[in-house]
Structure formats: C-alpha cells, structure tokens
Amino acid sequence: MTPPARTQRIGMFGGTFDPVHLGHLRSGVELCEALELDQLHMMPAPQPPLRDRPQVSAEQRLALLKAGIGDTPRLIADDRELCRDGPSYSLLTLEALRSDYGTEARLIMALGQDAFLKLADWYQPERLFELAHIVVMARPGYSPDRSQALLELLAGREVNNVAALMATPHGRVLSVTLPSPMGISATGIRQRLARRESVRYLLPEAVEREIAHQCLYRLPEGGR
Ligand code: ATP
C-alpha cells in the first residue's frame, strides 16, 4: 500500500536583504532542517512598511539574493513582493502562498527575534495567524522582552516543539534557537562597505564579488 502523501511544509522568510548575508542564509538552511521544510521562499521587500528606503534598488537586492542562494537546496529567491504594486504587506504574500499551496499545507512565516518584537505593529497582525504559523529565530544581541500588545497577540498560540506546530496548517508560534546563531547584520555590512573595510566571510563570496563589481553601498568620494 502506498503511504499517505506527506503534507507540504512551506516557509516564507521576508526581509530587506540589503544585502543578504550569511546570517540570513545559514538561518534559512538550518530552519529547513529543523522544521523539515520542503521549500523556503526568501522574499525581498520593495519598500518595507516600517523601514527607511533601502540604499540599493529592489532588483539589485534580488540579484544579490539569487547570487547568495546559488544552488542551495530548498532555498528560493522569490520575487513576488517586487511584482506587486503597493506596500509589501506580509499578509498579502501569505495569502498568495496559501492560494498556491492549498489549505492543508503547513505555511510558516520565519522571523528573526528583532522583527518578531515589532509584530504587533504590522498590518492586521492577527490575520497572519489565519494563514500561517510564525517561527521566531533567536538572534544574538536582541532582547527577548515582549510588549503588552505582542503578548496579547500571541496569547494561547505558543507551542514548544515542531510536532505541535505542524499539527495544524496555521495559527501557532514557535521560538527556536538554531545551531549556528550569527551576530551578522546588514547594517554592519553596509557600514563596513561604506568605509571600504573587509566584509569577507560575512556574506557569500558571490555576493561580495557582485557588490564590489557594481560598487554598491560605497559613500561617494570625499564622503568618508
Ligand atoms: P538591517 O541591519 O538592515 O536591519 P538585517 O541584517 O536585520 O538588516 P533584514 O533583511 O532586515 O536583515 O532581515 C530579514 C529577516 O532576517 C528578519 O526577520 C531578521 O530578523 C532576520 N535576520 C537578519 N539577520 C539575522 C541573523 N543574523 N540571524 C537570524 N535572523 C536574522
């Protein structure tokens, strides 16, 4: 007898990726392993609603993300937020993924600890749980303190293991500490590039090469 088909497990990992770095990519790989994801859609946002405008165009950030992912199994550079007009609300992206993968798929929105702490300020945050689970990745240097609004949003949703998360298609929250937490940030990388300092081993070589080739993130001459 053929065993029943396993329910798909699909991840979404959004961000500015300005630029993508090893903290993002290693987290993506370890998240796929920890949750046994079939695919992780990494999605650059054109103009994230709660941030200043990125220095480098969305298309350039997507190209760097593609270069960084290379042939890594299960990671996908997904441009759907760049193809949509209007603000890049995660809710709309999750709706699109839900429609692609169907009602039974386990849909997981992955966030680093810093992004998670701001979740209550997002667009219609309670509706995110009608579409997906949320998995929070510990990130070195960020406090675990939660606001009252966040505590209210999470009430009754938290689980403490992957099996409990995967028991339903959406609606739960799991906090994880992945095996290799990295204290790398895109802010730190941009500052180093602006000062023309080395970024070796903070991001993939292919991304470093592309940034150097296009002279991205440099201050104009005299601006240092
Ligand atoms: P910036 O320094 O410009 O704020 P960033 O390094 O935080 O950038 P983002 O593109 O803003 O990168 O982050 C996208 C997602 O990746 C967020 O959920 C963020 O928490 C997560 N993330 C970023 N860096 C790491 C890291 N080193 N480890 C785990 N998660 C990370």
Side-chain angles (χ1 to χ4, degrees), residues 11-35 37 40-69 72 75-82 87-91 93-94 108-123 125 128 132-146 150 173-195 197 199 201-204 207-208 211 216-217:
M12 168 201 160
F13 188 20
T16 322
F17 302 122
D18 187 27
V20 66
H21 53 68
L22 292 182
H24 298 127
L25 291 164
R26 186 66 208 163
S27 299
V29 168
E30 291 185 354
L31 197 72
C32 285
E33 288 178 348
L35 303 182
L37 298 181
L40 180 64
H41 293 254
M42 298 183 70
M43 309 215 182
Q47 169 61 70
L50 301 178
R51 293 179 57 122
D52 295 338
R53 178 167 288 282
Q55 299 184 356
V56 161
S57 77
E59 288 68 28
Q60 283 169 314
R61 288 182 285 116
L62 174 69
L64 294 177
L65 178 61
K66 283 185 178 160
I69 289 178
T72 311
L75 301 191
I76 300 173
D78 186 327
D79 66 357
R80 80 182 69 206
E81 292 200 351
L82 306 185
S88 40
Y89 294 132
S90 297
L91 187 70
T93 309
L94 290 173
I108 289 102
M109 181 168 81
L111 292 172
Q113 173 70 8
D114 55 312
F116 174 69
L117 290 178
K118 299 182 202 141
L119 190 69
D121 301 331
W122 288 26
Y123 176 67
L128 297 169
H133 296 306
I134 291 185
V135 170
V136 190
M137 299 174 288
R139 197 175 165 186
Y142 289 92
S143 109
D145 294 343
R146 297 168 174 190
L150 184 58
V173 178
L174 175 68
S175 297
V176 293
T177 300
L178 296 171
S180 323
M182 290 187 193
I184 301 176
S185 74
T187 303
I189 290 173
R190 291 194 301 274
Q191 287 167 347
R192 291 196 141 263
L193 289 165
R195 296 194 294 257
E197 294 168 353
V199 290
Y201 308 129
L202 295 174
L203 30 69
V207 177
E208 183 184 348
I211 287 174
L216 301 176
Y217 300 104

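Every number for a ligand or one of its atoms is a count from 1 in the order of the listing. Atoms considered below: every heavy atom in the structure, side chains included; atoms not considered: hydrogens, waters and symmetry mates. If you're wondering where the values come from, they're calculated on a predicted model, not measured in any experiment.
A 4.5 Å side-chain heavy-atom check between Leu31 and Phe13 finds every atom pair outside the cut-off. Using a 4.5 Å heavy-atom cutoff, the side chains of Phe116 and Arg146 are in contact.
The two atoms that bring Pro44 and Glu81 nearest to each other are O-CB, 3.6 Å, heavy atoms only. Residues Glu30 and Pro179 approach most closely at OE1-CD, 3.1 Å, considering heavy atoms.
Annotation: Asp114 places an N or O atom under 3.5 Å from an N or O atom of ligand 1; distance criterion only. On a distance-only criterion, Ala186 and ligand 1 share at least one N/O pair closer than 3.5 Å. Inclusion of Leu111 in the set of residues having an N or O under 3.5 Å from an N or O of ligand 1 is not warranted. Backbone and side-chain nitrogen or oxygen atoms of His24 are examined, and one is located within less than 3.5 angstrom of a nitrogen or oxygen of ligand 1.
Note that NE2 of His133 and CG of Leu94 are 12.0 Å apart. Values are rounded to the nearest 0.5 Å.
Below 4.0 Å from some heavy atom of Gly15 lie the following atoms of ligand 1, by number and element: 10 (O), 14 (C). Proximity to Ser185 (heavy-atom distance under 4.0 Å) selects the following atoms of ligand 1: 2 (O), 6 (O). Numbered from 1 in the order shown, with element, the atoms of ligand 1 that lie under 4.0 Å from a heavy atom of Phe17 read 10 (O). Ligand 1 places these atoms under 4.0 Å from at least one heavy atom of Ser27: 28 (N), 29 (C). The Thr187 neighbourhood of ligand 1 comprises atoms 1 (P), 2 (O), 3 (O), 4 (O), with distances under 4.0 Å to a heavy atom of that residue.
Partners of Asp79 under the salt bridge (Lys or Arg N to Asp or Glu O under 4.0 Å) rule, at least two apart in sequence or in another chain, do not exist in this structure. With sequence neighbours excluded, no residue forms a ring pair (Phe, Tyr, Trp, His ring centres under 6.0 Å) with Tyr142.
Of the options Arg139, Met137, Arg61, the smallest heavy-atom separation from atom 7 (O) of ligand 1 is shown by Arg139.
Residue contact check for ligand 1: Arg190 places a non-hydrogen atom closer than 4.0 Å to it. Heavy atoms of Phe13 come nearer than 4.0 angstrom to ligand 1 in at least one pair. The closest approach between any non-hydrogen atom of Gly14 and ligand 1 is below 4.0 Å.
Using a 30° and 60° split on the angle between ring planes, Phe17 and His24 fall in the perpendicular class, above 60°.
Looking at Arg61, its side chain does come within 3.5 Å of a backbone N or O of Val56 through a donor-acceptor pair.
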